[in-house]
Every structure is written in structure tokens, then in C-alpha cells.
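Worksheet: the structure to be examined is printed underneath.
Just so we're on the same page: letters track the sequence lines, and every chain starts at 1.
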There are 4 protein chains.
Amino acid sequence: MAGSVNRVILIGHLGRDPEVHHTQAGSRIVNMSMATSESWRNKDTGERMERTEWHRVVIFNERLTEIAEKYLRKGSKVYLEGQLATRKWTDQQKVERYTTEVVVPRFGGALVLLDRQQTGPGSPSSPDDYGTTRASGAGGAPAGRDPLDDDVPF
Amino acid sequence: MAGSVNRVILIGHLGRDPEVHHTQAGSRIVNMSMATSESWRNKDTGERMERTEWHRVVIFNERLTEIAEKYLRKGSKVYLEGQLATRKWTDQQKVERYTTEVVVPRFGGALVLLDRQQTGPGSPSSPDDYGTTRASGAGGAPAGRDPLDDDVPF
Amino acid sequence: MAGSVNRVILIGHLGRDPEVHHTQAGSRIVNMSMATSESWRNKDTGERMERTEWHRVVIFNERLTEIAEKYLRKGSKVYLEGQLATRKWTDQQKVERYTTEVVVPRFGGALVLLDRQQTGPGSPSSPDDYGTTRASGAGGAPAGRDPLDDDVPF
Amino acid sequence: MAGSVNRVILIGHLGRDPEVHHTQAGSRIVNMSMATSESWRNKDTGERMERTEWHRVVIFNERLTEIAEKYLRKGSKVYLEGQLATRKWTDQQKVERYTTEVVVPRFGGALVLLDRQQTGPGSPSSPDDYGTTRASGAGGAPAGRDPLDDDVPF
DNA sequence: TTTT
DNA sequence: TTTT
């Protein structure tokens, strides 16, 4: 179809550590579970209500998989740009199922860290390395779309 | 959770006429099936590939349900702003299932007609009426967010 | 024109405290200066480059002006949704000038606090008040679009 | 600054043909003037009001400059993703001036044709060529972000 | 004028 | 499963 647009923008927290997988072809794929929630007050009772939405995120963009693996952990707060994709699968009872995911494609999307995540296992081992890598990776403009390694801003 | 954002932006075509439902409380709810697609060329074979994605859309915003009912038909091209919501249901085999939808909430979201849809049943009967209604409804700025009936632009 | 969309999404920091103004009609208007920046590495020299962009923000949305006044300060990190507007003015030399602003309109837009801003003059005086007000205001889903005071999420 | 986002999304019409420029380094740059507008009804008089906003657009993304040059004309309706950038210049009276533009950067942004533009001078000469080129360029998913020449969708 |  |  000509002229389609499919965009998702999320700001939320990771419900658990990102899961890193590797394809046979050698590329890294990251799966994450991300929560957004909205709260409101019940008009009648005045009670505070909250609804949490869980999003399955799959990152194909190589640079962003690297950033996700290095810097994201359970609880991390992130800004994410991706697109909707629903895939079909068959469960153990041979029933067809559908799962909708927010996909960050190989060429596109964005991922921005919105907090200072405490370093943990798998985090950069030295402050210097950490700082440098962050600066050129997650710490700049939205990774994956911007000319971080170029010499012009646009 | 504080500081969440959950946004979806789609431009695509309706796969069928919108379905209009009414709640017991009297509000109108519109369900739509919307397709987006992307195309690319296979590097090796040079073959043109295409992948179509289908989105379940649910509109709660009253003004936008009205516009959808009046002006949208199978094939209509629209711009839509909503949010992701996954709901759980139980199928006839008592198996828990999940369906993800793009929800246009009661207060928020947007819907913009991107084509001049052929008039059909339920459409305005005269060109003049059609033009006027479109102008004050779907044909202006994104309905549902903008002060179409106010006297200031912002 | 039928079918327009005009959206701006920013995540950045305030360069100074928000300025609060009041119209003759009694509504509050907030002006803010917001910085976004992107960084990249010069390919030849390996030098780290950075470009900061300054955005003039004007908030008309009543609830968001209240949140901005109460919780935002110089240095605050925020997510903001608005629209572009360029206004014409005449300087002291009678020369016509144009200024482009990011406007958060009366009915629409969004503002989300992304940090815990240190409380300062004008901030809520007690933790309890602070927490409660935040929870029902800036601390929920994007303020200004969501049914924070309703009893249904959508 | 770490963690910035600067995004603009527009749907509107071109006020005139795109202007194509070439840098000394040989890259193509396209300048466009794009209108969005919103309409509303004056509460008191019932009068229909309309406000048109003009946006200066500058495209650096090579593929998108090519599409803009080939397919866009005065009146074309487009979906555009870019970022805000304000540049300083000095007028003939030596007065410093600022102009804000919507920039589609070299690596990023998107441009989608939303109408079938009448072919004109500079357009593809045959329907076949036109169709094919459109299909692989502007007519697919948002150009500039998607793997149009790859063999996987994500 | 922010921030890292 | 996150967060406030």
C-alpha cells in the first residue's frame, strides 16, 4: 500500500532485564517488557485508579541492541520509538495465536535512556569506559537515527 | 507509574466499513480494521516484497466515533492517533487469549481523513451539506484535540 | 485546509524557570525555554561534537499551565507535545520579525515530568501535599489528554 | 545533553514547487514551504474560522531529496517527519535574525506522499516508470527509515 | 539559558 | 514484571 505510516512512541519502565538473543546469521536481537501506566481519579468515589499496560518490545537495530544490552536493566526508564507488528504462532494445543509487538526495526526507531541506571553485572566496568560509551551511544540524541559518528548534525 | 507515554500514529486504509456499537450507557464505540504496509526490494533477487500489518482500532472519543460513522468506509485512508491497549479474553475452549488494540480514548487521540471518500449510505446526501459537515468535522485539523468549536485557535 | 496535522514532540531541559502570565480574561499562560541537543563524533578528528537547540514553548492548556507553574523549574527534564506556530511582530526599528514557538494549545498537547525536581520556592511545602498533587497531576499519564478525573481509563 | 528528543510530524500541502540546491560537496538539499491549517467555529458568531501555519522545510536525507525533487509539486499533500532547528542570520541592515525550520536530517526523518500528484515537468515520463519508481520510493513505507532495499521487513 |  |  502506498503511503503508510506505523509508529509507536513509549515512555515507560522495563519490567525485567532485557533478553539478548543471537540469530544464526550472527545478529543480536533484544526482547524487552516495558510498562506504561495511566492513573485517574474515580469521579464518584474519589478513589485513585491505575491501569498498567505491558508492551513486548523487540529490537533489531544493531546499535540499539548494543545499548540495550549494555545499559538497560529491570526498572530502567526509557523513551522508545518503534512500529507495531503482529505475528502468528501455534501453541502446544495446535491453536493459532497472535502476539502484537513493538518492533524497533534494523534501520530506524529510537531508544533514549531517561534515568541513570545503577550499574550492575554486565555493565561497563570502569567509569571511564562507561562515560565514553554512554556519551557516544545512549547518552546522545535518540540513538539509531542520528549521525552520532558523523561530523555534521543534520 | 509516573511519567508514562503511550502513543500510536498510523496512516493506512480501512479493510472494511467501521462497526458501530452502543454501550448500555448510550455512548457510541467504533471498531475498525486498519492496514499499513511497507515494501522493500530483496537484495539478492531484486524482487519486490511487501508486508501488510493489520491493526484493530477502537474509538471511544465521541466526536471521532461520529466522524468515523459518517465519513469512513472500507478503503478510506486515515491518519489516526491512539494508544496501545492489550485486553485478555477467554475463548470457547476456555483458553486465555490476548488481543492488542489501538485505542482512541474518550479524551484524546485524533482522526484525520486523508481522501475524499465516495459517499455511501449514511453519508451526507448533498454535496453542499457534505462539504460543510466535512469542513467542521473531519476535514479540519485533527478532530478530537482541537478547538473546532471555540473561537480561538490555541 | 482539510486533513492537516501539526505535532511537535520534545524531551529536554528547561533553561530557566517557567514564566507565568495572566490574560485579561483571567487565564494563565506559561512561557518556557527548553533545550534539546544532539551529539556526534567527528569522523576525521574523532572529536566529540554537540549542538544544542533552544525551543520557545507557550502553554495555554489550563491544567498544564498549573503543573508547569507548580513543578517545573530551571533544569527540569520534561516530555512535551505541542504544535508549531509562527507569530509576526514588529521590533523597535519597525522591522517585521517572526518567531516560531511550540504551542501547547488550550485543548490538547501533553506535558510529562521526567525527573524529580528539587523543591524550591513555590513548590509544595509538604511531602504529602507534593506527592498527592503530583500523583493527580503531572505524575500520571500525560497530563492534558487523559481522563485523570474520570472513572474509566479510555 | 543526554536523552533529548526533537521530533516534528506534519501533514500538509506544499505552497510551491520544492527548491533543489546542491552543495559544493555534491549533495542535494531541498527546501519546501508547507502549510498546515486548523479550523474552528466561533462560539459567539458561529462563524467558521481558519488559521494557516506555514513551515519552512529543509531536507538533507539523500533519498528523500530525490523523492521530493521527482514527485513533489506545488499542492502536493505529504506526511513529513523531521526536527526543529533555528538558525541565525544577519539581514541587510546588519540585524541578527532567527529562522526556525523543520529539518529532515541526513540519517533519519520520513516523507510520504499522500496524494497522486498530477505529473508535470520533471515527472517520470511514462506511467510505467512512474508507477515503478513510486513503488520503490515514495509510495512504500515512509522513505528514509525503512529497509526498502533489504530482504527483511524489520 | 538546560543537560551530560 | 516496572514505576509512583
Side-chain angles (χ1 to χ4, degrees), chain A residues 10-19 31-41 48-57 71-78 80 112-118 127-128 130-141 143 148, chain B residues 1-6 86, chain C residues 10-19 31-41 48-57 71-78 80 112-118 127-128 130-141 143 148, chain D residues 1-6 86:
Chain A
L10 301 176
I11 293 180
H13 293 86
L14 301 199
R16 49 172 192 265
D17 286 359
E19 295 162 20
N31 288 273
M32 310 194 306
S33 182
M34 195 170 155
T36 57
S37 84
E38 47 190 321
S39 62
W40 68 97
R41 192 170 294 280
R48 171 135 301 283
M49 313 292 285
E50 178 164 340
R51 175 186 157 91
T52 295
E53 196 65 45
W54 287 97
H55 310 272
R56 292 169 176 270
V57 173
Y71 305 116
L72 299 190
R73 293 292 175 270
K74 178 178 176 175
S76 293
K77 185 170 192 173
V78 299
L80 184 128
V112 176
L113 278 71
L114 294 177
D115 56 7
R116 299 291 172 70
Q117 188 61 13
Q118 208 174 339
D128 191 87
Y130 186 76
T132 307
T133 313
R134 262 183 61 87
S136 69
L148 292 177
Chain B
M1 184 193 331
S4 283
V5 170
N6 175 355
T86 298
Chain C
L10 302 175
I11 293 180
H13 292 86
L14 301 199
R16 51 172 190 266
D17 286 357
E19 296 161 21
N31 288 273
M32 311 194 306
S33 183
M34 195 169 155
T36 59
S37 82
E38 48 190 320
S39 63
W40 67 97
R41 192 169 295 280
R48 171 134 301 282
M49 313 290 286
E50 179 165 341
R51 174 187 157 90
T52 294
E53 197 65 45
W54 287 97
H55 310 272
R56 293 168 175 270
V57 173
Y71 304 115
L72 301 189
R73 293 291 174 271
K74 177 178 178 175
S76 293
K77 185 170 193 172
V78 298
L80 184 127
V112 177
L113 276 72
L114 296 176
D115 56 7
R116 299 289 173 72
Q117 189 60 15
Q118 210 175 337
D128 191 88
Y130 186 76
T132 307
T133 314
R134 263 182 60 87
S136 68
L148 292 177
Chain D
M1 185 193 331
S4 282
V5 169
N6 175 355
T86 299

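Of the possible polar contacts, none joining the C:Glu38 side chain to the D:Ser4 backbone as a donor-acceptor pair under 3.5 Å is found.
In this model, no side-chain donor or acceptor of A:Thr36 finds a partner on the base of F:dT3 within 3.5 Å. Under 3.5 Å, the side chain of C:Ser37 and the base of E:dT4 form no donor-acceptor pair of N or O atoms.
The CD1-C1' distance, from A:Ile11 to F:dT3, rounds to 13 Å in whole Å. Rounded to whole angstrom, the span from the CG atom of C:Leu72 across to the P atom of E:dT3 amounts to 14 Å. To the nearest angstrom, P of F:dT2 lies 19 Å from CG of A:Leu80. In this structure, CD of A:Glu53 is placed 16 Å from P of F:dT1, rounded to the nearest angstrom. F:dT2 atom P lies 21 Å from atom CG of C:Leu114, rounded to whole Å. One can place CD of A:Glu50 at 11 Å from P of F:dT4, the figure rounded to the nearest angstrom. Between the CD atom of C:Glu19 and the C1' atom of E:dT1 there is a distance of 11 Å, given to the nearest Å. Rounded to whole Å, the distance from NE2 on C:His13 to P on E:dT3 is 7 Å.
The shortest side-chain heavy-atom distance between D:Asn6 and C:Leu10 falls under the 4.5 Å cut-off. Contact annotation: the side chain of C:Val112 never approaches that of A:Ile11 to less than 4.5 Å [non-hydrogen atoms, C-beta and beyond].
Taking only side-chain atoms of A:Ser33, from C-beta outward, the nucleotide of F:dT2, F:dT1, E:dT4 with the closest atom is F:dT1. Checking E:dT2, E:dT1, F:dT4 against the side-chain heavy atoms of C:Arg16 singles out E:dT1 as nearest. Of the candidates E:dT2, F:dT3, F:dT1, the closest approach to any side-chain atom of C:Lys74 belongs to E:dT2.
We find that the ring of A:Trp54 and the base of F:dT1 stack, their centres lying under 5.5 angstrom apart and their planes tilted less than 30°.
Under the side chain to side chain contact (heavy atoms under 4.5 Å, CB included) criterion, C:Arg16 pairs with C:Glu19, C:Ser33, sequence neighbours left out. Evaluation of the side chain to side chain donor-acceptor pair (under 3.5 Å) rule for C:Arg56 yields no partner, not counting sequence neighbours.
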